[in-house]
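Read through the structure below, which is laid out as structure tokens, and then see the notes.
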Amino acid sequence: MIFDFQTYSENTAVLDEFGMSLTYSALSDAGRRVMEAAGRRCLVFILCQNEIGALVGYTGLLNGGAVPLLLNSRQDGEALAGLLRAYQPPFLWAPEDMLDAFPGMTPVYRAFGYGLLRTGYETEYLLHPELALLLTTSGSTGSPKFVRQSERNIRANGESIASYLELNASERPITTLPMSYTYGLSIINSHLLTGGTLLVTEKSLTQREFWTFFRQAQATSFGGVPYTYEMLDRMRFAKMDLPSLRTMTQAGGKLSYTLHEKFAQYAQETGRRFVVMYGQCEATARMAYLPPEKAVEKCGSMGIAIPGGRFHLIDGNGAPITAPGVTGELVYQGENVTLGYAERGEDLSKGDEWGGILQTGDMAKFDEDGYYYITGRKKRFLKIYGNRVNLDEVDALVKETFPALDCASTGVDDHLYVFITDESRQAAVKEFLVHRTKLNPAAFHVTALEKIPKNDSGKTLYRELDVRAVGGGE
């Protein structure tokens, strides 16, 4: 059991924008009934929204020993069907207004606007004893790759986050990120471990109702990816009257130096905390944080390792880098490093493949004081508004859907540049990617080239595309 809800039994665990609330004791009871309806330890897909019903299912199944696999409820239907075929979960927990989309599945329990469906799949895959949770690592492309997390991973990372953020039962974080996303879930987990009150809403930062709920419920904190802070800056956030706000956290990609400096100075001038963090789903969530008192002084830094974790850098030959200012691949070690990946149902029986050590694929350097700075990426993926998107998967999706096209993608965080070889299909490719990923259309830039630049061996010359992408445009 990860969450000991009895410690804070009479505290309010969750409150939504419509006034519904549950104490920790009531959340525990409601979750236990979902687990009883499932009847045993098994895999359960949860289609998540930032709603009480999703939290009831997640906490009840996790605490009861089942293995939730979390997906955004807005997951593309075709991609979801592929995931269901790949993993064949015995049960699905989903919003009631989505249940009709699954004909042939049998409702066995309903509560808090959600329903538990028995799927009827003939195959039930073996679950490793340590497996507790599955989270997607590839953004919204519908990839079958998930990260396998253990109970120890979740608890260790949640307790570490609670420690460095100094969380207690007076905290009232408001949801700004999907709970199916590792960063959003880490906020939920760390506050449930410390007795805080989760303020859940599906409203976005751009909606007046979000800020009305924020003020009425006296939110004390929120988290955001770089795009969140870009929006807040355009909304003249510094002029908002938010007397209850204590803490702002940022992760999900590197924030620009200008915005880091601006929000760090705002926090310093108003007596609040601005905490830049770094993490990956492969490490459950967080690996580093920049202490808020260093937010201005160490502007641009991702900070230091979280309590219980440790960093080092390696060069191209795997040798350790010990001198400040030298770039190498960032390697992390800690109890929150997860068990490994799953790409199909058979992988759910695997044990710990990483042994507590994660080569992050990010390039970094550290300064004389031991503070780390991300300088680039070794792997081909981007963070698009906090969602990690694998560029190779994007290329494969486009080529599969538009077989007459050659395609190659590149970009920087929050901007994905897709190069294709037919000018007449630019609009169609963009429409397809927006529909498939459910990400903001502003992130996609589709450009036509006569041909994709390649070397003599046929490998795409991504550096040439990077140069073209700097010019931007569609």
Side-chain angles (χ1 to χ4, degrees), residues 1-5 27-28 30-32 34-48 54-71 83 86-93 116 124-137 144-162 178-194 279-287 306 308-309 334-358:
M1 180 179 293
I2 292 174
F3 303 115
D4 178 16
F5 289 154
L27 179 60
S28 177
R32 186 171 57 250
V34 178
M35 185 64 207
E36 288 172 350
R40 66 187 189 281
R41 173 175 166 80
C42 61
L43 179 65
V44 183
F45 274 30
I46 300 181
L47 301 186
C48 302
L55 275 173
V56 166
Y58 165 67
T59 57
L61 293 164
L62 191 66
N63 261 4
V67 176
L69 184 154
L70 304 190
L71 294 168
L83 293 172
Y87 287 94
Q88 302 197 20
F91 293 97
L92 176 69
W93 178 250
L116 188 69
E124 184 168 342
Y125 293 107
L126 181 66
L127 305 177
H128 190 275
E130 289 186 59
L131 182 63
L133 177 67
L134 292 160
L135 286 185
T136 181
T137 180
K145 179 185 278 189
F146 289 82
V147 167
R148 296 178 287 115
Q149 299 187 359
S150 70
E151 182 175 319
R152 182 183 66 173
N153 296 151
I154 299 166
R155 177 169 284 279
N157 207 220
E159 290 176 346
S160 181
I161 294 168
M179 67 174 286
S180 55
Y181 168 43
T182 181
Y183 180 15
L185 190 64
S186 74
I187 294 172
I188 289 170
N189 290 340
S190 57
H191 286 83
L192 288 178
L193 287 169
T194 51
Q280 291 182 6
C281 191
E282 288 87 345
T284 307
R286 305 276 71 78
M287 288 182 276
I306 63 173
E335 285 194 352
N336 53 309
V337 174
T338 54
L339 305 175
Y341 294 122
E343 297 189 67
R344 54 182 184 167
E346 289 86 351
D347 294 339
L348 302 184
S349 63
K350 292 180 178 179
D352 185 359
E353 296 182 304
W354 292 342
I357 299 174
L358 177 66

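Numbers for residues simply follow the sequence, beginning at 1.
- Atoms CG and OG, on Asn336 and Ser150 in that order, are 9.5 Å from each other to the nearest 0.5 Å.
- Side-chain contact between Leu71 and Ser180 is absent, with no heavy atoms from C-beta onward closer than 4.5 Å.
- A pairwise comparison of heavy atoms in Glu353 and Gly340 identifies OE1-CA, 4.2 Å as the closest pair.
- Scanning all heavy atoms of the two residues, the minimum distance from Ala342 to Leu348 falls at CB-CD2, 4.0 Å.
- Tyr87 and Phe45 have tilted rings, their planes meeting at an angle from 30° to 60° on a 0 to 90° scale.
- Listed by chain and residue number, nothing satisfies the side chain to side chain donor-acceptor pair (under 3.5 Å) test with Glu130 (two or more places apart in sequence, or in another chain).
- Considering all non-hydrogen atoms of both residues, Ser349 and His128 come closest at O-CD2, 3.3 Å.
- Taken to the nearest 0.5 Å, the OG atom of Ser160 stands 12.0 Å off from the CE atom of Met287.
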Could you walk me through whether Ile357 and Val337 pass side chain to side chain contact (heavy atoms under 4.5 Å, CB included), step by step?
CA-CA 6 Å; Ile357 299 174; Val337 174; 5.9 Å; no
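- Side-chain contact check for Tyr58 versus Leu70: some heavy-atom pair is nearer than 4.5 Å.
- A distance of 9.5 Å separates OG1 in Thr284 from CZ in Arg152, rounded to the nearest 0.5 Å.
- Residues Val147 and Leu134 fail the side-chain proximity criterion, which asks for heavy atoms closer than 4.5 Å.
- The shortest side-chain heavy-atom distance between Thr59 and Arg32 does not fall under the 4.5 Å cut-off.
- Below 30°, between 30° and 60°, or above 60°: for Tyr183 and Tyr181 the angle between ring planes is above 60°, a perpendicular geometry.
- Surrounding CD of Gln88 are more than 12 heavy atoms belonging to other residues, nucleotides or ligands, all under 6.0 Å away.
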Check the pair Arg40, Glu124 against side chain to side chain contact (heavy atoms under 4.5 Å, CB included), reporting the backbone distance first and the verdict last.
CA-CA 12 Å; Arg40 66 187 189 281; Glu124 184 168 342; 2.8 Å; yes
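- When all heavy atoms of Leu135 and Cys281 are compared, the pair lying nearest together is CB-SG, 3.6 Å.
- With rounding to the nearest 0.5 Å, the separation of CZ in Arg286 from CG in Asn157 is 7.5 Å.
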Take Leu193 and Glu159 through the side chain to side chain contact (heavy atoms under 4.5 Å, CB included) test and state the conclusion after the steps.
CA-CA 7 Å; Leu193 287 169; Glu159 290 176 346; 4.2 Å; yes
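- Taken to the nearest 0.5 Å, the NZ atom of Lys350 stands 12.0 Å off from the CG atom of Leu131.
- Between Ile154 and Glu151, the closest side-chain pair of non-hydrogen atoms is not below 4.5 Å.
- No side-chain heavy atom of Arg344 sits under 4.5 Å from any side-chain heavy atom of Pro144.
- Contact record, Arg148 with Thr338: O-CB, 3.2 Å, taken as the closest heavy-atom pair.
- Asn63 has its side chain within reach of Phe5: a pair of non-hydrogen atoms, C-beta onward, lies under 4.5 Å apart.
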Side chain to side chain contact (heavy atoms under 4.5 Å, CB included) assessment of Asp347 paired with Phe146
CA-CA 10 Å; Asp347 294 339; Phe146 289 82; over 6 Å; no
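- The closest side-chain heavy-atom distance from Leu127 to Arg41 is below 4.5 Å.
- The CG atom of Leu69 lies 6.0 Å from the CG atom of Leu43; values are rounded to the nearest 0.5 Å.
- Closest approach of Gly64 and Met35 over heavy atoms only: O-CE, 3.5 Å.
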